[in-house]
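Let me begin by presenting the structure, written as structure tokens, before commenting on it.
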Amino acid sequence: MSVTRAQQPVAIPTVRTRTKLAHPALFLAGIVLVALNMRACLAAVAPVLAEIQQTFHLSATASGLITTVPALFQGVGAPLTPRLTRRFGTERVVLGAVLTLGAGVLVRVLPSAFALYLGCVVIGVAIAVLNVSMPGLVKREFPDRAAAATGLYSTATLVGATLAAASSVPLEKALGGGWQASLGAWSLLAVVAALAWLPQVLRSRQAAGAVRTGGARTGGASGPVAPAGRPIEGIWRSSLAWQISGFMGVSSLLVYVLVAWLPTILADHGMDRGEAGLVFAFSNLLQVAGAFLVPLLAGRMTRQSVLAVAMAAMNGAGIALLLLAPVSGAWAAAAVLGVAQGGSFGLALAFIVLRTGTPAGAAQLGGMSQAVGYLVAASGPVGAGALHQLTGGWTVPLVLMLGLAAAAAVAGWGAGRNRTL
């Protein structure tokens, strides 16, 4: 159900007692370090996927599950996150999710195929919690600059992916422990992020103590600090919420297919594996530019429909280049896809804060859009792998991706209209 801006529910502020440890700059540093983790452990897989296949004798379809399983469990875990944040407070939930992510990274490199997929499950659930928690935090802390803060957060997410994609093979050689050492090293980044996030947990405990003290004096309730404002009524019946979810889901599917298979697609057409990894890293690098600039642009616009369609069209153009000139056009395709996919990701996150009136509403819409979005995205890598295995080439998967880019344009046009949940 959509309402006008004048009809938005009034946000109920939380008690927020700042300390020196919880300076806004330190809060932003914590957000950035947490965000760096959220795609690094996924992007690190693609350059060493061939070695993982050889280690466990996996088919193309089974290999696609390495990317599909985290996406699937992001969809499963997303609706549970608002309950966790209400029960324990957003700051503590984020800390727990970062530590869980690091544990999942370590489980994934244990010497068994079962551990490989179990680690993917743990990683997916942890990322789901972070994905849903962050928009509410951003809207709560930066209500007047939510789009710009979202751009910083989405940019950091893709910087982590770029670093992981570029360093996965060099780490494998430098550490001397094969793909297991290369992938396992990313657990250290989770530890660093958890340490940087501790001041926010201390602040939330201090705020909760202030609430309890105030509650004892006035007879009010006490509890951990959670996103402020009322929940959105009938969100699952809202066409706007479904359009945002559809744009996020299809855009994420396109990203996850190429995260899983782009180096393999290029190598199968004759490109050297090392160069294919560099093309993949270059695409991730340009995602950073899209993820930073597009949300900033979105925040300055009343309607973002044209912007969403432009991102979908660029996705389609990049996929068409991979179809027509997979080797000679690889760098151009990577450039176009990088800007489009980073921009689509940042815009999808910006929709969550721009189309809601309160932090609680942003968290709730984030839960729905990412539940639907990542369940859709989960079908991409395994589906593309299965089609490749069935047809013996990449033409059919890429043609289907062109059609999905058109579907993203339709959903994005609706999501970009000037309405508020």
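Position 1 is the first residue of the sequence; numbering continues from there.
You'll find the side chain of I127 reaches within 4.5 Å of the side chain of C41, heavy atoms only. Taking 4.5 Å as the limit, some side-chain heavy atom of L322 sits within range of a side-chain heavy atom of L258. Using a 4.5 Å heavy-atom threshold, the side chains of L421 and M368 count as separate. Side-chain contact between Q74 and Q370 is absent, with no heavy atoms from C-beta onward closer than 4.5 Å. V94 places a side-chain heavy atom less than 4.5 Å from the side chain of W197. Using a 4.5 Å heavy-atom cutoff, the side chains of S252 and Y374 are in contact. The shortest distance between side-chain heavy atoms of R355 and Q243 does not fall below 4.5 Å. Counting heavy atoms from C-beta outward, I31 and L152 have side chains that stay 4.5 Å or more apart.
The two residues A35 and A156 have their closest heavy-atom pair at CB-CB, 3.7 Å. The shortest non-hydrogen separation linking L33 to A196 is CD1-CB, 3.3 Å. Contact between V279 and A330 at its shortest, heavy atoms only, is CG1-O, 3.9 Å. The two residues S369 and G366 make their nearest non-hydrogen contact at OG-O, 3.4 Å. Across G414 and R419, no two heavy atoms sit closer than the pair O-NH2, 3.6 Å. Considering all non-hydrogen atoms of both residues, S379 and L253 come closest at OG-CD1, 3.5 Å.
The aromatic rings of H388 and W261 are tilted relative to each other, their planes meeting at an angle between 30° and 60°. Using cut-offs of 30° and 60° on the angle between ring planes, the pair F247 and F351 is perpendicular.
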### Task
Would you check, one step at a time, whether the test side chain to side chain donor-acceptor pair (under 3.5 Å) holds for W413 with Q304?
CA-CA 8 Å; W413 181 267; Q304 296 82 26; over 6 Å; no
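At least one test fails for R83 against the ring of F88: distance under 6.0 Å to the centre or angle within 45° of the axis.
Side chain of S182 to main chain of S168: a donor-acceptor pair is present (N/O by atom type, distance under 3.5 Å, no hydrogens or angles). Under the 3.5 Å distance criterion, the side-chain polar atoms of S154 are left unmatched by any main-chain donor or acceptor of G346. The main-chain N or O of R303 is never found under 3.5 Å from a side-chain atom of N418 such that the two would form a donor-acceptor pair. Under the 3.5 Å distance criterion, the side-chain polar atoms of S167 are left unmatched by any main-chain donor or acceptor of P170. Here the side chain of T356 pairs no donor or acceptor atom with the backbone of G361 at under 3.5 angstrom. In this structure a side-chain-to-backbone donor-acceptor pair under 3.5 Å is missing from S187 to G102.
When each of L375, V372, V250 is tested with S245 by the rule side chain to side chain contact (heavy atoms under 4.5 Å, CB included), just one qualifies, namely V372.
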